[in-house]
Amino acid sequence: MAIEAILWDFGGVISTSPFDAFNTYEEEHGIPKDFIRSVNAKDPHTNAWAQFESSQISAAQFDEKFAHETERDGHRIPGRDVIPLLGGELRPRMVQVLKQCKASYAIACLTNNANAGEGPGMAGTQERATANAAVMSLFDLVIESSKEGMRKPDPRIYQLACERLAVAPENIVYLDDLGINLKPARQMGMTTIKVVHEPQAIAELSAALNLQFSFQD
């Protein structure tokens, strides 16, 4: 099957994972490591995080709901504290890979994000927002959960990506750092790559495309 398009998650793939920032926040506030992730894993289709990323609630409502959920689990964290943690640092080599892929394939971004005034990459500073916007402009198509009213791993958002790309799932490679988001794509027929770290992801994408990437340091 010939690959025609590459579908990319943003945070944790093109940029570093927000989970690192979560862990730093937890350490600074005396909260157990991965506590925020554990809260987000409960009721993942209906919790405050899911509602915020699909624009069912506002940032102010998320602030209150997330505080309630974290307090329920033992450590109260206002939602407004975690929003700035969502913007990671761009991975320069992954951006170079993205540019090289664009020469031969349709490239699209499929991202879960929230309408918090920070754009697709959920950047925390204006400088970061500008850099992320430059990368986002490379994509032929961007699908954001906050604009579509649905989020990964809802199968409908993957189908939407296929329809807008006009490419069958079997002809798509999809990169994401979360297994729960990769599962629906794989079941549809996409070739999936779980991004554990940058070199591993680049190597697996190179093998999937039979394409050798070159880098400028």
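The chain is numbered in sequence order, starting from 1. Worth saying up front: this structure is predicted, and the values here are computed from it rather than measured.
Note that OG1 of Thr70 is 10.0 Å distant from CG of Asn40, once rounded to the nearest 0.5 Å. Atom CG in Leu98 sits 8.0 Å away from atom NZ in Lys102 (nearest 0.5 Å). Note that CG of Leu165 is 5.5 Å distant from CD1 of Ile172, once rounded to the nearest 0.5 Å. With values rounded to the nearest 0.5 angstrom, Asn47 atom CG is found 8.5 Å from Phe62 atom CZ. Atom CZ of Phe35 and atom NE2 of His29 lie 12.5 Å apart (nearest 0.5 Å). Once rounded to the nearest 0.5 Å, the distance linking CD1 of Ile143 with CG of Leu110 reads 5.5 Å.
Judged purely by atom type and a 3.5 angstrom limit, Gln61 has no side-chain atom pairing as donor or acceptor with the backbone of Ile57. Although no hydrogens or angles enter the test, the distance criterion places no donor-acceptor pair under 3.5 Å between the side chain of Ser104 and the main chain of Cys101. Although no hydrogens or angles enter the test, the distance criterion places no donor-acceptor pair under 3.5 Å between the side chain of Glu69 and the main chain of Val39. Judged by distance alone, the side chain of Thr16 and the main-chain N or O of Glu89 form a donor-acceptor pair under 3.5 Å. At distances below 3.5 Å, at least one donor-acceptor pair connects side-chain atoms of Arg91 with backbone N or O atoms of Gly12. Proximity of a side-chain donor or acceptor of Asp140 to a complementary backbone N or O of Ile107 within less than 3.5 Å is detected. Here the side chain of Asn23 pairs no donor or acceptor atom with the backbone of Lys33 at under 3.5 angstrom. Side chain of Ser145 to main chain of Asn113: a donor-acceptor pair is present (N/O by atom type, distance under 3.5 Å, no hydrogens or angles). No donor-acceptor pair under 3.5 Å is formed between the side chain of Asp177 and the backbone N or O of Val13. Judged by distance alone, with hydrogens and angles left aside, the side-chain atoms of Glu26 form a donor-acceptor pair with the main-chain N or O of Asp34 at under 3.5 Å.
Put simply, Met136 and Ile157 are part of two different groups of oily side chains (I, L, V, M, F, W, Y) that touch within less than 4.5 Å, one to the next. Tracing side-chain contacts under 4.5 Å through hydrophobic residues (I, L, V, M, F, W, Y), one reaches Leu205 starting from Leu138; they form part of the same cluster. Leu7 and Ile180 are members of different hydrophobic clusters when ILVMFWY side chains are connected at heavy-atom separations under 4.5 Å. Cluster membership for Val167 and Phe139, using ILVMFWY side-chain heavy atoms within less than 4.5 angstrom, is not shared. Residue Met150 is not grouped with residue Phe52 when hydrophobic side chains (ILVMFWY) are merged at heavy-atom distances under 4.5 angstrom, including chains of intermediate members.
Around the NE2 atom of His68, the shell of radius 6.0 Å holds no more than 12 heavy atoms that belong to other residues, nucleotides or ligands. Atom CD of Glu27 is surrounded by 12 or fewer heavy atoms from other residues, nucleotides or ligands within 6.0 Å. Under a cut-off of 6.0 angstrom, the local environment of NZ in Lys99 is sparse, with at most 12 non-hydrogen atoms contributed by other residues, nucleotides or ligands. No more than 12 heavy-atom neighbours from other residues, nucleotides or ligands sit within 6.0 angstrom of CD on Glu64.
Glu198 pairs by the side-chain hydrogen bond (donor to acceptor under 3.5 Å, both in side chains) definition with nothing, not counting sequence neighbours.
The closest side-chain heavy-atom distance from Cys162 to Met188 is below 4.5 Å. Proximity of Leu209 to Ile6: side-chain heavy atoms (C-beta onward) are separated by under 4.5 Å at one or more points. The shortest distance between side-chain heavy atoms of Lys152 and Leu178 does not fall below 4.5 Å. The closest side-chain heavy-atom distance from Tyr25 to Ile31 is below 4.5 Å. Side-chain atoms of Tyr158 and Pro153, non-hydrogen and from C-beta on, do get closer than 4.5 Å to each other. A 4.5 Å side-chain heavy-atom check between Pro18 and Leu85 finds every atom pair outside the cut-off. Looking at Asp176 and Thr192, their side chains never come closer than 4.5 Å, going by heavy atoms from C-beta outward.
For the residue pair Met190 and Tyr174, the shortest heavy atom distance occurs at SD-CB, 3.9 Å.
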**OP:** Just do the side chain to side chain contact (heavy atoms under 4.5 Å, CB included) check on Phe10 and Val135 with the steps written out, would you?
**Re:** CA-CA 10 Å; Phe10 197 90; Val135 174; 4.2 Å; yes

Subject >> Stepwise side chain to side chain contact (heavy atoms under 4.5 Å, CB included) test for Ile77 and Phe22 >> reply: CA-CA 11 Å; Ile77 302 173; Phe22 290 171; over 6 Å; no

**OP:** Quick one: do Gln159 and Arg156 satisfy side chain to side chain contact (heavy atoms under 4.5 Å, CB included)? Show the steps, please.
**Re:** CA-CA 5 Å; Gln159 186 61 45; Arg156 295 178 301 162; 5.5 Å; no

**OP:** Could you walk me through whether Val95 and Ile14 pass the side chain to side chain contact (heavy atoms under 4.5 Å, CB included) test, one step at a time?
**Re:** CA-CA 7 Å; Val95 174; Ile14 301 296; 4.3 Å; yes

Subject >> Derivation and outcome, side-chain hydrogen bond (donor to acceptor under 3.5 Å, both in side chains), residues Gln100 and Gln96 >> reply: CA-CA 6 Å; Gln100 292 173 60; Gln96 291 183 53; 4.9 Å; no

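For the side chain to side chain contact (heavy atoms under 4.5 Å, CB included) with Arg151, the qualifying choice from Thr111, Asn112, Asn181 is Asn112, the only one to do so.
Judged as a side chain to side chain donor-acceptor pair (under 3.5 Å), not a single pair has a partner in residues 205-214 (not counting sequence neighbours).
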